[in-house]
Every structure is written in structure tokens, then in C-alpha cells.
Protein chains: 2
Amino acid sequence: MSVTIEDIAKEARVSVATVSRVINNSKAVSPELKKRVNDVIQKRNFKPNSLARGLIMKKTNIIGIIVPDISNPVFGALTRGINSFCQQKGYTLMVCESGGQQEKEIELLGVLADKKVDGVLFAGVDVNSALVEEMKRKRYPIVLVTQEASEGEEVIHTVIHDNVKAMYDATSFLIENGHQKIALICGPENDYSSGQKRLNGYKVALKEQNIEVPDSYIEHGDFSFESGYECMRKIYEENSALPTAVMVCNDAMAIGAIRFLKTTKVSVPADISIMGFDDLEFGRYFSPELTTVRISYFDEGLKAIKTLFKLIHQQTVPVTQFIPHKIIRRISVRKI
Amino acid sequence: MSVTIEDIAKEARVSVATVSRVINNSKAVSPELKKRVNDVIQKRNFKPNSLARGLIMKKTNIIGIIVPDISNPVFGALTRGINSFCQQKGYTLMVCESGGQQEKEIELLGVLADKKVDGVLFAGVDVNSALVEEMKRKRYPIVLVTQEASEGEEVIHTVIHDNVKAMYDATSFLIENGHQKIALICGPENDYSSGQKRLNGYKVALKEQNIEVPDSYIEHGDFSFESGYECMRKIYEENSALPTAVMVCNDAMAIGAIRFLKTTKVSVPADISIMGFDDLEFGRYFSPELTTVRISYFDEGLKAIKTLFKLIHQQTVPVTQFIPHKIIRRISVRKI
DNA sequence: TTGTAAGCGTTATCAA
DNA sequence: TTGATAACGCTTACAA
């Protein structure tokens with residue numbers, strides 16, 4: 001078996017307590033003993049068993065993260081931001097995938113409790129009061145990231161981009177560029193932050209300018225390329241008066257939408273402008289280059305994990321924190 | 001604090017041993033006691049502390065995975081395949097990011113040892129003998145995935161697609177379509193499986209047909225969109241006789257390459273055919289739709305984790321296992 | 001079938 | 001400053 005603290009103690013002719021003290025330099029140990037112990041530790045390549053340690057210290061240096069889909073680049077970037085900080089602080093990341101199903105999310109919250117993680121980052125889809133109740137019951141701190149709670153008061157700390165404002169800005173940008181007939185390919189209706197809130201920002205911007213829009217201008221997709229394609233097809237087929245611009249709630253659907261339009265005779269951006277959301281890297285290499293709203297999910301993850309650390313160390317943090325967004329003008333939107 | 005096995009024992013008026021037996025149904029327990037215990041467990045929502053359990057059982061139900069970059073869709077899909085199986089088996093995934101640096105990889109191998117993981121999936125860049133030695137020293141089983149060892153005998157179990165054959169097939173496909181002047185945008189030279197091996201497959205296919213290619217037809221990128229763009233630029237600028245096809249070692253670089261060609265007057269596929277590798281989803285939505293070699297990284301991850309499980313349960317498994325690849329014909333390659 | 005008690009590898013308390 | 005020794009929460013001989 002691996003070498004234990006007792007082996008070290010024996011070989012260094014001291015007590016296990018002393019070895020422990022050296023490891024954690026918790027209390028003063030005389031220099032000579034310290035050196036003797038350290039030498040043996042080095043020589044035997046001793047690493048304290050983190051299970052035993054966690055058992056008594058009630059601290060594992062493990063952070064849990066729950067995301068709907070690991071292979072989604074948005075959550076990839078988020079995870080990378082989180083991990084960059086964890087690694088530097090000596091924490092490890094336990095990654096769980098929920099598929100966006102609430103039942104699974106609740107189960108995973110339990111799994112992470114079992115694993116005695118020090119804290120959890122949660123990227124959900126619809127964080128309703130049932131979920132919030134479940135979270136409040138856990139003994140570990142939780143930070144919502146990418147998604148705020150959809151019901152009740154704000155009781156769980158949250159790091160997020162301002163979806164309403166971002167969509168408001170994006171839609172206003174289209175309006176400023178002369179567009180009045182602006183359709184929307186939105187996220188799922190059950191997705192609070194990235195579905196409902198974004199829809200909201202769009203509506204507010206239009207209303208502010210007294211622009212009316214037919215219901216047939218609004219479609220709900222599921223953030224996949226495919227659904228962007230489908231939604232665009234519906235808008236195209238169901239409207240004799242085509243929009244001059246389509247605001248799309250993520251880049252993947254935006255590209256799906258453009259792909260559909262390539263099967264028709266309307267061209268982007270000459271006939272219809274398309275605006276995306278996220279600013280994933282491929283948007284820059286697409287043609288036409290995608291105008292979009294940049295969200296740095298890396299930064300969002302980073303801010304979330306920093307917040308979680310503060311919570312773990314009992315510091316006070318504002319309940320809701322926003323990270324900035326930015327309009328990225330490229331080719332797929334034109335001024336009319 | 002959370003409820004312990006002792007609390008349960010007390011409340012069910014039995015010994016902790018009995019409770020433990022019920023939990024693990026290790027030994028026969030009389031039905032009545034079993035029910036009594038289970039009721040209390042249910043009622044108090046008791047979950048055995050996995051640290052204490054891991055400490056004594058030398059088993060944590062945690063699998064470690066080391067990848068260069070979590071946000072890369074290839075490793076995203078890989079991780080998802082791995083996770084799908086783990087979740088169903090009651091295992092959790094500890095995800096570590098190495099940035100592809102050997103030093104970091106070795107460190108992470110140690111971190112995972114500390115965490116007492118039951119096994120590790122390793123997706124490296126250059127698994128040389130130093131790394132292999134390090135791996136052999138660990139007490140947990142390791143499966144290489146996406147990358148084989150570059151030196152010495154095959155001692156570590158490996159699940160991978162056949163890079164040589166895949167590139168051989170892809171290049172042959174281009175030849176069959178009438179191309180003779182075939183350039184290559186390859187992976188990094190220090191990347192054994194995805195760099196050197198793929199280069200090899202390309203060369204073998206050409207040699208077999210006695211096709212000679214100038215050095216200026218071969219460029220090394222780093223798998224990023226940007227580097228695909230740059231490599232294509234070099235090939236374009238350094239060859240008065242342009243190739244009629246370019247084999248590109250991943251889809252991202254292929255799209256970067258096409259992007260560059262759009263800045264020139266040569267068109268794809270009319271003047272130059274472009275073939276990618278990986279078959280990521282966006283390639284289907286790009287224009288022209290990308291002809292590519294499909295590798296299912298999800299399946300590769302799945303097979304790797306299944307292999308690791310067999311190893312964990314001391315079953316014998318072939319040292320090297322391949323997952324299949326497939327040529328996907330789309331628009332970006334044309335017959336001449 | 002059930003219970004008692006000895007670990008598992010640490011840290012923390014309390015004397016010395 | 002150091003060393004016994006009691007936790008931490010569980011599993012598993014060994015006894016009963």
C-alpha cells in the first residue's frame with residue numbers, strides 16, 4: 001500500500017502528530033525535527049491521504065459543477081474559466097451533466113453532497129422554487145451561473161450576464177441600423193434566463209420604439225443549429241412580408257438560420273440581416289461573418305468560482321453579479 | 001452535522017454493523033430489521049459518508065480524466081461519452097485540464113492519485129516514455145484515449161481511432177476523385193497521434209500512387225481556426241502551382257483555410273477542394289458543406305471508459321482498441 | 001442473524 | 001516543543 005503518516009513518523013523517529021504539524025505547518029516545530037521529517041517525506045514521496053484528511057477536516061478541496069451539456073462550447077468555456085481558478089488554488093473539479101432535466105439536477109445535487117464537495121457551481125435551465133428549496137437544504141454553498149432563479153426572492157448567489165439588457169441592446173442596435181421588421185429566433189420557453197429574459201429584452205426594445213411585430217415573427221428553438229434552421233424556415237414560410245432582420249438568441253441557431261436562407265433566394269445580409277448571441281469562435285470564420293453579442297463565458301465562470309470561494313470562506317458577496325456584454329459588429333447585419 | 005450511521009442505528013435500535021449490512025446488503029439481515037433500518041434511513045434521508053467509506057474500502061467511485069482543453073468540442077464530446085457511462089454506473093467524473101503540457105499532466109496524475117480515484121482516462125498530446133513511466137508508477141489503472149503512447153512498447157491500454165488508416169483513406173478518397181496535387185495542413189509535429197500519424201497516412205497514400213508533393217505543400221498548424229487560415233495563406237503564397245485539393249487535419253483548420261480562400265479569387269470547391277477531419281456539427285452548416293472524416297469522439301470516450309471499468313474489475317482487455325472512422329462526402333470536395 | 005470492536009489515515013486535544 | 005490518544009464515519013472480522 002501507499003506510505004502513511006505513520007511510516008513517516010517511524011522513519012523520522014517522531015510522533016505522527018509532529019509529522020502532521022510539519023505537513024500543515026500548524027504549530028511551531030523545531031527546525032531540526034522539521035528538516036528530518038521533511039527529508040523523509042521527500043524521500044518516500046509521501047502524500048497525505050485526502051480521504052482521511054477530508055473526513056476529519058470536513059473539507060475536500062473539491063468543487064462540483066452541474067451543467068446541462070459538457071460538449072456545448074458555452075459550458076466548455078464556462079468550465080474552463082472555473083477550472084483555471086480552481087487549479088491555481090489547488091482545488092479539483094467534479095463535473096456533472098444534467099441534460100437540463102430537473103430530476104437529474106436534484107439527484108446530482110445529492111451526489112455532490114455525498115462526495116462532500118466544498119461548494120457547487122450550478123448552470124441550470126429553469127431554476128424554480130423547487131430547485132431553490134433543494135439547494136437551500138444543502139450544507140455546501142452554491143452559486144448559480146449562466147442562469148438566475150426564476151421564482152421567489154433572490155436567495156442563491158448568482159453570477160450572470162444581463163440577458164434582458166443584452167437583448168435590449170442587440171435589438172436596439174438593429175433598430176439603429178434602420179431595421180423595423182425584426183423577427184426573433186428565441187430560446188426555449190421553459191429556459192428562464194436565456195429564453196424568457198431574452199425574449200423580454202427584445203420586446204422592450206421594440207415597444208420603446210413603438211414597433212409592432214406579428215406573432216409569426218417569433219419562433220422558439222432549442223439553441224441547436226438544426227432548430228435555427230427550422231425556425232428560420234417557419235418564419236420564411238409563414239410571412240409574406242419577410243423581416244429585414246432576425247435577432248437570433250445564440251450563434252449556433254444564427255448559423256442554422258443563415259444556412260436555411262442559403263437554400264432560398266434571399267441573401268444575408270443584402271436582404272435579411274442576421275444577428276447572433278454568444279460570440280463563439282466559429283462565427284468569425286463563417287461567411288458572412290456573424291454580427292453578435294459577445295458574452296465571455298470564461299469570465300463568467302471565473303467570476304462565479306471566485307464568488308463561490310468567498311462564500312466558502314464566509315465572506316459576504318452581493319447576491320447577484322453581472323458580467324458585461326458587448327455588441328460585435330461584423331458582416332451579417334447591414335444598415336438599411 | 002449530517003446524520004451518521006450511528007444515528008440510524010440508534011433510532012432503529014440495532015447496531016451500526018446491521019445498518020451497514022442493510023446499506024450494502026452484504027450479509028443476510030432478517031426482513032423485519034431490514035425494513036426497520038430502511039425506514040429510518042428513508043425518513044432521515046441518510047447517505048453514507050463517501051469519504052469514510054472510501055477510506056476503508058479503497059474505492060471512491062470517482063474516475064479522473066485529463067484532457068488538454070475542456071472547451072474544445074472534441075474533448076467535450078469525448079467527456080460526454082465517458083460521463084454517460086459513469087453516470088449510469090454511479091461514478092462521478094473529476095475533470096482536469098492540462099493545457100497539453102507534460103509537466104502539468106504529470107502533476108495532475110499525482111493530484112488524481114491523492115484523490116484516490118479508481119481509474120484515469122488520459123487524453124494527452126505526446127505520451128512519451130517519461131509519461132508512460134509515470135503512469136506505470138500509479139496504483140490506479142489508466143486508459144489512453146485519443147492518443148497512443150509515442151515511444152516504447154505498448155504497455156498502457158489505449159482506445160483510439162486509426163489515424164494512419166483514416167488519413168490514408170481520406171487522401172485516397174481525394175485521389176480517387178481525380179486529385180493529384182494534394183496539399184496538407186497537418187497538426188503540430190510534437191503531437192504524435194494527431195500530428196505525426198496523420199501525416200504518415202497522407203504520405204503512404206500518396207506514395208502508393210507514386211504521387212510526389214513539394215515540401216511547400218505541407219504546413220503544420222495547431223488545430224485552431226486561425227492556424228488553418230494561416231497555413232492556407234502560406235500554401236497559397238508559396239506555391240505558384242496551387243494544389244487542387246487540401247487535406248486538413250481537423251474541421252476547425254479546414255474552415256479557417258476556406259475562410260482564407262474567400263479572401264482570394266480561388267473558390268471552394270471549384271478551384272480547390274478542401275477536406276476536413278473530425279466531423280464536428282458546424283461543418284454541416286458551413287458553406288460549402290464540409291467533406292470530412294467522421295470520428296465519433298462520444299463513442300471513443302464510451303469505449304475508453306468501458307475499457308477502464310474492465311481494468312478496474314481486473315478483467316483482461318486488448319491493449320489497443322480502435323474505433324471506426326468514416327468518410328463523409330459533402331460539398332467542399334469535388335471530382336475533377 | 002446480530003453485536004462488539006478493530007481498523008482505515010488523518011487532525012486535534014490535552015498532557016507532559 | 002513534542003507525544004499519546006481520541007475523534008472523523010464507515011466496513012468487517014470475530015464473537016455471541
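Everything numeric here is computed off the predicted structure, so don't read it as measured data.
- Side-chain proximity of A:Pro48 to D:dT11, C:dA12, C:dT10: nearest is C:dT10.
- B:Lys47 has no side-chain polar atom (N or O) that falls below the 4.0 Å cut-off from OP1 or OP2 of D:dG9.
- Spacing between atom NZ of A:Lys116 and atom C1' of D:dG9 amounts to 9 Å, rounded to whole angstrom units.
- Taking 4.5 Å as the limit, every side-chain heavy atom of B:Val159 sits out of range of all side-chain heavy atoms of B:Lys306.
- When each of B:Gln42, B:Lys35, B:Arg36, B:Lys43 is tested with B:Asp39 by the rule side chain to side chain contact (heavy atoms under 4.5 Å, CB included), just one qualifies, namely B:Lys35.
- The NZ atom of B:Lys10 sits 12 Å away from the P atom of C:dT4 (whole-angstrom rounding).
- With distances taken from any side-chain atom of B:Ala52 to the nucleotides D:dA4, C:dT10, D:dG9, the minimum falls on D:dG9.
- When each of C:dT11, D:dG9, D:dG3 is scored by its nearest atom to the side-chain atoms of A:Ile5, the top-ranked nucleotide is C:dT11.
- For A:Thr18 and D:dT2, the shortest distance from a side-chain N or O to OP1 or OP2 is not below 4.0 Å.
- The aromatic ring centroids of A:Tyr91 and A:Phe309 lie less than 6.0 Å from each other.
- Distance from the side chain of B:Ile23 is smallest for D:dT11 among the nucleotides D:dT11, C:dT10, D:dC14.
- Rounded to an integer number of Å, the gap from CD1 of B:Ile8 to C1' of D:dT11 is 16 Å.
- Whole-Å rounding puts the B:Asp7 CG to D:dG9 C1' distance at 10 Å.
- Atom CG of B:Asn61 and atom P of D:dC10 are 15 Å apart (whole Å).
- D:dG9 atom C1' lies 14 Å from atom CG of A:Asn49, rounded to whole Å.
- The side chain of A:Ile56 lies closest to C:dT10 when the candidates are D:dT2, C:dG7, C:dT10.
- Taking the side chain of A:Arg21 as heavy atoms from C-beta on, and the options C:dG9, C:dT13, D:dT11, the nearest nucleotide is C:dT13.
- Closest to the side chain of A:Ala17, from the set D:dC8, D:dT11, D:dA4, is D:dA4.
- Among the heavy atoms of the strands lying under 4.0 Å from B:Ser20 is at least one base atom, whether or not backbone atoms are also near.
- Taking side-chain N and O atoms only, A:Ser15 has a distance below 4.0 Å to OP1 or OP2 of D:dG3.
- In this model, a donor atom of one side chain and an acceptor atom of the other lie less than 3.5 Å apart for B:Ser150 and B:Asp126.
- Atom pair B:Arg13:CZ and C:dG3:P shows a separation of 11 Å (rounding to whole Å applied).
- A:Arg137 has a carboxylate O that lies under 4.0 Å from a charged side-chain N of A:Glu134, or vice versa, which qualifies the two as a salt bridge.
- Side-chain contact check for A:Phe75 versus A:Ile70: every heavy-atom pair is 4.5 Å or farther apart.
- Following rounding to the nearest Å, A:Lys35 (NZ) and D:dT2 (C1') show an atom-to-atom distance of 20 Å.
- When heavy atoms are screened at a 4.0 angstrom cut-off, B:Leu51 is found touching no nucleic acid atom at all.
- Checking D:dT1, C:dG3, C:dC14 against the side-chain heavy atoms of A:Ser30 singles out D:dT1 as nearest.
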